[in-house]
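Quick note on labels: first sequence line is chain A, next is B, and so on, each numbered from 1.
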2 protein chains.
Amino acid sequence: MMNDSEATETAPEAAPKPRRRKGMSLTLRDVARMANVAPITASRALNTPQAVSDDILHRVREAVERTGYVPNLLAGGLASRRSRLVAAVVPTVAGSVFLETVEALTDTLAAAGYQMMLGQSGYAGSREDALLETIIARRPDGVILTGIMHSQLARRRLAASGIPVVETWDLSPNPLDMLVGFSHEQLGAAVAHFLHRRGRRRVAAITADDERARRRRGAFATAALSLGMSAGPELPQHTVPAPSSVASGREGLRALLARAPGIDAIFCSSDMVALGVLIEAQALGIAVPAQLAIVGMGDLALSRDLQPALTTVRIDGTLIGDTAARYIIQRAEGKTVAQPIRDVGFTIVERGTT
Amino acid sequence: MMNDSEATETAPEAAPKPRRRKGMSLTLRDVARMANVAPITASRALNTPQAVSDDILHRVREAVERTGYVPNLLAGGLASRRSRLVAAVVPTVAGSVFLETVEALTDTLAAAGYQMMLGQSGYAGSREDALLETIIARRPDGVILTGIMHSQLARRRLAASGIPVVETWDLSPNPLDMLVGFSHEQLGAAVAHFLHRRGRRRVAAITADDERARRRRGAFATAALSLGMSAGPELPQHTVPAPSSVASGREGLRALLARAPGIDAIFCSSDMVALGVLIEAQALGIAVPAQLAIVGMGDLALSRDLQPALTTVRIDGTLIGDTAARYIIQRAEGKTVAQPIRDVGFTIVERGTT
DNA sequence: TTGAAAGCGCTAACAG
DNA sequence: CTGTTAGCGCTTTCAA
């Protein structure tokens with residue numbers, strides 16, 4: 001009787017003993033043997049169960065159960081050219097602005113059977129080239145960039161790699177591929193108009209030393225000047241280092257007050273900075289919002305619970321992450337993305353500080 | 001003349017056309033051919049440059065340069081059984097407590113040529129089994145658990161997989177493998193003693209609904225009671241949902257005051273909660289620290305910049321992340337970890353709220 | 001130092 | 001619906 005594994009022939013020559021096979025890891029072959037099917041059939045039972053008879057499906061599942069088999073996705077990815085891996089790049093996780101996005105990304109990807117690799121490009125962008133190389137080396141099914149990838153080399157390599165890319169949190173004029181973001185210019189101008197409507201006429205800005213924050217401030221300043229919201233030909237402004245912090249906000253308010261004592265509103269580049277301004281104003285005995293209005297940016301969870309609650313610009317980070325993940329998944333599954341450039345907009349959330 | 005690729009023979013039979021080879025991706029073979037060496041030699045030039053002659057090294061590097069070749073780590077990992085991938089599991093990234101750790105992890109791993117996969121187990125621990133399966137499927141060189149992995153099945157599978165594991169942010173009595181953390185019990189007791197030394201005699205606690213926070217509060221309560229810091233036989237305490245928030249803190253203070261108006265100190269399970277307590281106290285006209293002392297936990301960046309600055313318990317999340325990463329790397333390189341169970345301790349940082 | 005052969009564990013392609 | 005065959009792109013092992 002013929003054994004189904006390792007058919008015992010009449011040995012024309014000594015069977016060449018296998019060289020490797022030391023780690024003895026449990027493979028699909030073992031499962032297949034146990035279920036009495038070919039490896040590819042076991043593979044189908046696991047990946048496309050509807051393409052296999054109930055009987056076989058049952059046997060394979062039982063074998064998996066009994067052995068505790070876990071497929072090797074490195075091997076699967078190599079063979080199928082689909083790694084089911086998606087890389088996400090953030091400037092830094094510490095900045096917390098992108099947290100909602102990262103969370104949504106992780107969840108949406110996980111739900112679809114993908115996994116997320118997280119990379120930090122650093123604010124300086126110094127490690128971008130190296131980071132991108134290690135990313136491409138994994139052959140991810142997609143890359144999601146939160147914030148800007150500055151390095152031209154990195155951008156070119158990414159484009160050349162053919163990997164689907166979603167840029168987020170901005171509206172680039174010439175995107176690499178797909179895009180889910182909003183206009184920082186529109187945002188800055190909108191805040192100026194908002195403050196104008198609220199009757200503020202001497203506005204200022206505290207801005208983190210970060211490219212997007214600078215663009216928001218630029219648009220804010222332009223709009224504010226054209227609305228006559230400044231005493232002089234320039235808007236009083238103060239720049240603080242990125243990542244922005246409460247300390248920066250406190251220091252920023254003092255600096256601004258020293259230079260332009262008459263200001264009645266401040267647009268901050270983040271809620272953290274705004275919180276610092278609020279705290280410092282309270283410490284200095286400046287009434288908020290009566291004497292000074294404060295507008296933040298980002299709508300952190302804590303902002304609504306401050307006293308007074310913070311007026312801020314809300315970006316739906318979850319929507320951005322979720323959408324970006326879906327775009328990548330669609331592409332990975334060979335579908336076309338209907339609206340690959342998407343403006344998710346922003347909302348000014350008015351609360352107590354204005 | 002013989003072309004060096006695809007040697008043109010006198011065709012004894014039609015060359016069997018290759019089935020695959022459509023994507024035409026650039027492989028090590030292409031680089032090797034261009035440098036006029038065997039693929040394995042090109043591999044050595046890239047991975048162990050010292051094992052190769054200068055001449056060859058130069059030729060291979062030039063070929064890499066010219067083609068823009070990026071190695072395929074899926075293939076490399078499959079062959080070498082080293083994926084250079086490390087999985088990190090956090091309950092949720094939104095909670096921001098683990099951010100420093102995640103950041104340090106990413107950085108230290110990246111510097112050593114490893115990459116980090118991030119998974120969220122969720123506070124409920126419902127997705128743990130599924131998450132762990134996808135993790136093991138990638139054959140990571142290590143797994144880092146921040147917080148507890150509750151599922152027994154998941155823990156057994158992880159142990160059975162033979163993958164190095166570091167548990168962090170706690171001091172488990174029976175660790176899976178390695179451990180970098182601190183004792184939540186010691187911490188709770190230390191805070192009680194600290195408040196006692198500062199003359200507080202009517203203490204209370206606001207605690208997130210989370211296992212470790214509960215253990216801190218338990219030890220805090222026990223120590224406080226034995227120090228006579230409570231009016232009744234039980235400590236006034238209030239539980240808020242995890243993840244904790246400023247809103248929880250505000251609500252918590254009101255709830256506590258309604259039940260136990262005489263309290264003079266509150267130990268909060270996080271800085272966010274403590275900030276809420278501080279804001280609510282200011283809104284209610286309660287003087288901090290004169291009438292009420294507040295102690296947080298976590299030492300967020302903003303805590304030192306509040307007014308008054310927040311007294312809190314600092315955990316060196318960066319040290320935890322960095323150490324955990326090093327442990328995994330050492331194991332992956334076949335070395336033994338000298339001190340695989342490590343208590344990094346904690347520090348009470350005294351500031352204005354006490 | 002360099003290379004040939006033989007897989008790593010899985011799936012695409014093609015046949016039955 | 002099931003199986004055979006031939007790789008995916010790299011590295012280990014063994015030999016020169």
Would you say the side-chain atoms of B:Thr318 and B:Glu103 include a donor-acceptor pair closer than 3.5 Å?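 Distance-only check fails for B:Thr318 and B:Glu103.
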Counting only non-hydrogen atoms, which of residues 38-46 of chain A are less than 4.0 Å from DNA chain C? A:Ile40, A:Ser43, A:Arg44
Touch class at under 4.0 angstrom, heavy-atom based, for A:Ile56 against every strand present: sugar-phosphate
Of the options [options], whose atoms approach the side-chain atoms of [X] most closely?
| X | options | result |
| --- | --- | --- |
| B:Ser80 | D:dT2, D:dT11, C:dG9 | D:dT11 |
| A:Asn72 | C:dG9, D:dT11, C:dG3 | C:dG9 |
| A:Asn47 | D:dT11, C:dT2, C:dT11 | C:dT11 |

Per the side-chain contact (heavy atoms from CB on, under 4.5 Å) rule, which among B:Val64, B:Asp30, B:Val60 passes with B:Tyr69?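 Testing each of B:Val64, B:Asp30, B:Val60 against B:Tyr69, the sole residue satisfying side-chain contact (heavy atoms from CB on, under 4.5 Å) is B:Val64.
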Student check: side-chain heavy atoms of A:Leu85 and B:Arg138 closer than 4.5 Å: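 Sidechains of B:Arg138 and A:Leu85: in contact.
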Side chain proximity check, B:Val31 to B:Leu46, heavy atoms < 4.5 angstrom: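 B:Val31 vs B:Leu46: side chains apart.
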Which residues satisfy the salt bridge (charged side-chain N to carboxylate O under 4.0 Å, His left out) test with A:Arg331, sequence neighbours excluded? A:Asp177
Return the angle between end axes of the helix from C:dT1-D:dA16 to C:dG16-D:dC1, with five pairs used per end and rounding to 10°.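 The end axes of the helix from C:dT1-D:dA16 to C:dG16-D:dC1 are about 20° apart, to the nearest 10°.
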Using a strict cut-off of less than 4.0 Å between a Lys/Arg side-chain nitrogen and an Asp/Glu carboxylate oxygen, indicate whether B:Glu62 and B:Arg66 qualify as a salt bridge. yes
